[in-house]
Amino acid sequence: MIARALAALGRPALGTLAALGRGGIFAGSALSHLLRPPFYAREFWLSCIQIGWLSLPVVGLTALFTGAALALQIYAGSARFSAESVVPSITAIGMVRELGPVLGGLMVAARVASSIAAEIGTMKVTEQIDALVTLSTHPMKYLTVPRMLAATLCVPVLVGIGDVIGIMGGWMVGTGRLGFNSATYMKNTWEYLEFWDVGSGLVKGAAFGFIVALTGCYYGMNSGRGAQGVGRATKSAVVAASIAILAANYLLTEVFFAA
Amino acid sequence: MIEMQGVQKSFGPKVVLRSVDLTVPRGESMVIIGGSGTGKSVLLKCILGLIQPDGGLISLDGQDVRTAPRDAFLARFGMLFQGGALFDSLPVWQNVAFRLLRGSLKRPQEEARAIAIAKLRRVGLGPDVADLFPAELSGGMQKRVGLARAIAAEPGIIFFDEPTTGLDPIMAGVINDLIREIVVEMGATAMTITHDMTSVRAIADRVAMLHDGRVQWTGTIAEMDETPDPYVQQFIHGRAEGPIAALR
Ligand SMILES: Nc1ncnc2c1ncn2[C@@H]1O[C@H](COP(=O)(O)OP(=O)(O)OP(=O)(O)O)[C@@H](O)[C@H]1O
Ligand SMILES: [Mg+2]
């Protein structure tokens, strides 16, 4: 009875560890290919457009609404202590340290991890990956490296833009609805915002970008056969990327908190 | 020369290749026939290392393919996949010229494009398809683009997995002639899988028949017509009755 319960707990735990191990090996292999030529610049630029530029509307809207809601919530909380003047700075800090990177990362996971997994998975089941190999092109170099590099570089930029838009969202609510003076709001925002608040958020963004591309490529490359296999790979990529982002977010926050 | 000795491959409990022994001399055109699902495509992929065989030895010009330097090894091959396997993110001409646009065979873009268009013409496709995307082509056209891609870099060894399936009889004739030409003029070694007996007669120097995970029979075209082997006779005459079960 107890043994069975333990087994029921142990099996998924072992499965998770095994998946982490395989993901780690995959990431290591991708990194080793990153350091060796050839480098496919065209694929890299196309990935930057796909992952960075085309994610901008989604990430921007997410940040705008989040910043606006955050300002309202912080106002509701701080009013209880008659400390409404903290709204601009706390909104900005909450946005750039936590919600900007996390929600931006999750939106990118939904948009990008799924599309990478579906694209590479389809290439796998239609033998395009095999064809790449026979044309003397390493799939890891041609497909994975450009996407991982593009995501790791573009997501921090997205997060930075999201930060600005999120703070704007807070400002719109603060001045339009909560009666803040526009100049005071901006001044309060800038005065208490430290460089590392923004910097830590951008580092998180880079880590999340790496995670998104890694999971998308990993599940795509290991996709099962047929449409069902690709469907499952896509779903797994989004789930794994989202969970990994939240877990990595906690770990990174712990690290930055201690520093 | 490609040599296979005792090549085995199973997928889970399903044994596909039991023990395949086959030799393809340099500059020869070998055609592989055999029932659907007997592992012909798997055999070609084993040679290229796209599928790892479970046992046996495969060598190219005396060197074990597992220890051969991978890039130099693959650079000698061209492969037409059964499903075409065109890159759907690239236009047709970039598919054909894929090898000529990157890596050790890289050349200027205009030159690569010109070669791609010339190869497309050889498979009966005009220059107007060069800028289309694979999804905009019919199945037979995709197959021919795949063929053009396989021969674009003029490799010494070419594998064709069902090159004429899905083509009209005239186009099939064009492709048969093309494969024959590549072997005779360019001195290439070819392995072709086909179910089309007209193709077999047009392309083959030698024929090998795969059945039940082994090379059941091998010989020239003339020998194929003469042989009393009931498996070969049933196959080439397309009879439902015979030693090869219809259900597999
Ligand atoms: N990646 C794979 N995983 C599992 N089974 C496979 C895989 N590839 C091929 N098979 C199985 O191996 C067997 C042989 O497949 P193969 O594609 O070589 O057949 P074939 O002789 O080329 O047939 P056809 O003439 O229909 O193309 C089939 O039963 C197939 O189900
Ligand atoms: Mg086949």
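By convention in this document, chain letters (A, B, ...) are assigned in the order of the sequence lines, proteins followed by strands, and residues within each chain are numbered from 1. Just so you know, these numbers come straight off a predicted model, no measurement behind them.
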Checklist entry - B/S29 side chain to B/A190 main-chain N or O, any donor-acceptor pair under 3.5 Å? => result no
Item to check | Residues forming a side chain to side chain contact (heavy atoms under 4.5 Å, CB included) with A/A63, sequence neighbours excluded | outcome: A/M95, A/I165
Checklist entry - Between B/T164 (side chain) and B/L167 (backbone), is there a donor-acceptor pair under 3.5 Å? => result no
Next on the checklist: With ring pair (Phe, Tyr, Trp, His ring centres under 6.0 Å) as the rule and sequence neighbours excluded, what pairs involving residues 18-38 of chain A come up?
Outcome noted: A/F26-A/Y218, A/H33-A/H138
Checklist entry - Of the listed residues (B/L48, B/D71, B/L86), which shares the most heavy-atom pairs with chain A below a 4.5 Å separation? => result B/L86
Item to check | Proximal component of A/T137, with respect to chain B [non-hydrogen, under 4.5 Å] | outcome: side chain
Checklist outcome for this item: Turns out that what part of A/T134 lies under 4.5 Å from chain B's heavy atoms comes down to both
Next on the checklist: Please classify the contact of A/L132 with chain B as side chain, backbone, both or neither, using a heavy-atom distance under 4.5 Å.
Outcome noted: both
Checklist entry - Can you tell which of B/Q82, B/R99, B/M79 has the highest number of heavy-atom pairs within less than 4.5 Å of chain A? => result B/R99
Next on the checklist: Please classify the contact between B/L90 and chain A as side chain, backbone, both or neither, with a heavy-atom cut-off of under 4.5 Å.
Outcome noted: side chain
Checklist entry - For the side chain of B/R102 and the backbone of B/F98, is there at least one donor-acceptor N/O pair under 3.5 Å apart? => result yes
